[in-house]
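Working notes, structure below.
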Amino acid sequence: MAGPEWCIDEHRGLAGLAEVETDWRRLYDETDSPAAWHLYDAFAVYARTLCPDPEGLRLLVLRDGVGARAILPIEERADTSLGFPLRVWGLCWDETWRPTDAVGPEDESREHLLPCAVEHLRRQPRRPQLFVMGQTQADSLVWRGLQQVDRAFEFDDTVEARFRTDMSFGDFTARMKRSWRQPLNADRRRFEAQAGAEYVRARTAEELEAEFERWLTVEASGWKGSAGTAVSQNQGRVEFYREMARSVHNGGRCEIGALHLDGECIAATFCVVTKHEIAEYKTGYDERFREYSPGVVLAHKVFEWACEDPQIEWVSGISEAPWMSRWRPEKRVQRRAYVPLAPLGSLLTLLMRLRYGPVRAAVRALKRSRLR
């Protein structure tokens, strides 16, 4: 069990988020390689625009008797893993923005975080039956602490694709197979040979404001618009990205990378840059210009920008679509856990074991057999 010096201090809602701002920013600065969702400004935008119940946010601050060592933001949400909406407490979750990890460096505090957080949550009145942790990197020290929590179920949930860029762009492209590299270079030359061809990298407030509407338009111009999943079709997400572009500047920044032809945007991607990472969130291209492979050319340009910046070691957050394999991603396992908080939670945890064990294996085997 965690020693007596470790304890949880809880803050709630937007006021609580403001109360932990100083500690949050300090912990971010102490983290070697933070992700975009570790940025205080970015999380504050999430809380104001996408969080279903901002005043229901709980900021669990792990303290060691001296100061804050980690912050775990959680919210009440519905988990549909069992085929029906189940009320849980879990790390914040949205299809657009998934801040699914604690804020703070990878040190001994991580091993105390979950035992203390679960003990605190189990004492709360009107608590849900389950707490959900993750998706969080499988090699995080946070999972060691879960071994001290009774009846918890953890499992490998998904894989995150990341692209290493701590090398020259020449070395980066040399890692690609010739069968991929040659046609990509031909696509780049074809685009660059057009009159008015331009690579745009919007980083200042003025540049982002000018490029934002173009990004919204081109992101909705293809299948995303037809499917109803484009950012511009959800006002909450429009405001989220707009506020991100305006607000994220302390410890990170937002960028929009784009391809223009004669002043018309034909492809664009929204990125968040932290200490050592460029995370791409939403990308789209105008299918009228598919002869130039604008999505591929733009992705390759982002890698070039990353390789040219000695501070950037990774590009992440890109789709795991098969066409991304040409850049040889490194894959990191992400884990999830279900922890019972109340009596019925133990039964629900058992059902989750079946759902993500034999049932998942059977479904995947069936899908593979159909593809043969």
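All heavy atoms count here, side chains included; hydrogens, waters and symmetry mates do not. For reference, positions follow the sequence shown, starting with 1.
- By the 6.0 Å contact criterion, CG on Asp32 is open, its count of non-hydrogen atoms from other residues, nucleotides or ligands being 12 or less.
- Each of Phe240, Trp97, Tyr241 was compared with Phe270 under the ring-ring contact (aromatic ring centres under 6.0 Å, His included) criterion, and only Tyr241 meets it.
- Proximity of a side-chain donor or acceptor of Tyr285 to a complementary backbone N or O of Val296 within less than 3.5 Å is not detected.
- Side-chain contact check for Val315 versus Arg162: every heavy-atom pair is 4.5 Å or farther apart.
- Looking only at distances, no side-chain donor or acceptor of Thr274 sits under 3.5 Å from a matching main-chain atom of Gly251.
- Checking side-chain atoms of Arg110 against main-chain N and O of Ala102 turns up a donor-acceptor pair under 3.5 Å.
- Between the side chain of Glu5 and the main chain of Gly65, no donor-acceptor pair closer than 3.5 Å is present.
- With no hydrogens or angles considered, no side-chain donor-acceptor pair links Asp157 and Gln334 at under 3.5 Å.
- For CD of Glu209, the number of neighbouring non-hydrogen atoms (other residues, nucleotides, ligands) closer than 6.0 Å is 12 at most.
- Ser346 meets the side-chain contact (heavy atoms from CB on, under 4.5 Å) test with Arg151, Pro340; sequence neighbours excluded.
- For Trp24 and Phe43, the ring centers are positioned less than 6.0 Å apart.
- Under the 4.5 Å side-chain criterion, counting only non-hydrogen atoms from C-beta, Arg63 is in contact with Asp23.
- You'll find the side chain of Ile256 stays beyond 4.5 Å of the side chain of Cys271, heavy atoms only.
- Remark: Arg178 CZ is loosely packed, at most 12 non-hydrogen atoms of other residues, nucleotides or ligands lying under 6.0 Å away.
- In summary, the aromatic rings of Phe163 and Trp314 are positioned with their centroids too far apart to meet the 6.0 Å limit.
- Without hydrogens or angle criteria, Arg360 side chain to Gly357 main chain gives no donor-acceptor distance under 3.5 Å.
- Here Arg77 pairs with nothing under the salt bridge (Lys or Arg N to Asp or Glu O under 4.0 Å) rule; sequence neighbours left out.
- The salt bridge (Lys or Arg N to Asp or Glu O under 4.0 Å) test applied to Asp262 returns no partner, not counting sequence neighbours.
- Partners of Phe169 under the ring pair (Phe, Tyr, Trp, His ring centres under 6.0 Å) rule, at least two apart in sequence or in another chain, are His300.
- Look at Glu154 and Arg336 and you find no salt bridge, because none of the NZ, NE, NH1 or NH2 atoms lies under 4.0 Å from a carboxylate O.
- A side-chain N or O of Thr269 and one of Glu280 form a donor-acceptor pair less than 3.5 Å apart.
- For the 3.5 Å distance criterion, the side chains of Glu277 and Ser33 fail to qualify, holding no donor opposite an acceptor.
- Screening Tyr338, Phe84, Trp93 for a side-chain contact (heavy atoms from CB on, under 4.5 Å) with Asp79, the sole residue that qualifies is Tyr338.
- Using a 30° and 60° split on the angle between ring planes, Phe155 and Phe153 fall in the parallel class, below 30°.
- At least one donor-acceptor pair under 3.5 Å links the side chain of Glu207 to the backbone N or O of Arg203.
- Residues satisfying the side-chain contact (heavy atoms from CB on, under 4.5 Å) criterion with Phe131, sequence neighbours excluded, are Leu72, Ile74, Trp89, Leu91, Leu114, Val118, Leu121, Met133, Val339, Leu341.
- A cation-pi arrangement is not found for Lys301 relative to Phe191, the charged atom failing to lie both closer than 6.0 Å to the ring centre and inside a 45° cone about the ring normal.
- Sorted by first and then second residue, the salt bridge (Lys or Arg N to Asp or Glu O under 4.0 Å) pairs with a member in residues 216-234 read Glu219-Lys224; sequence neighbours excluded.
- Listed for the Arg335 side chain is no donor-acceptor partner under 3.5 Å among the backbone atoms of Gln135.
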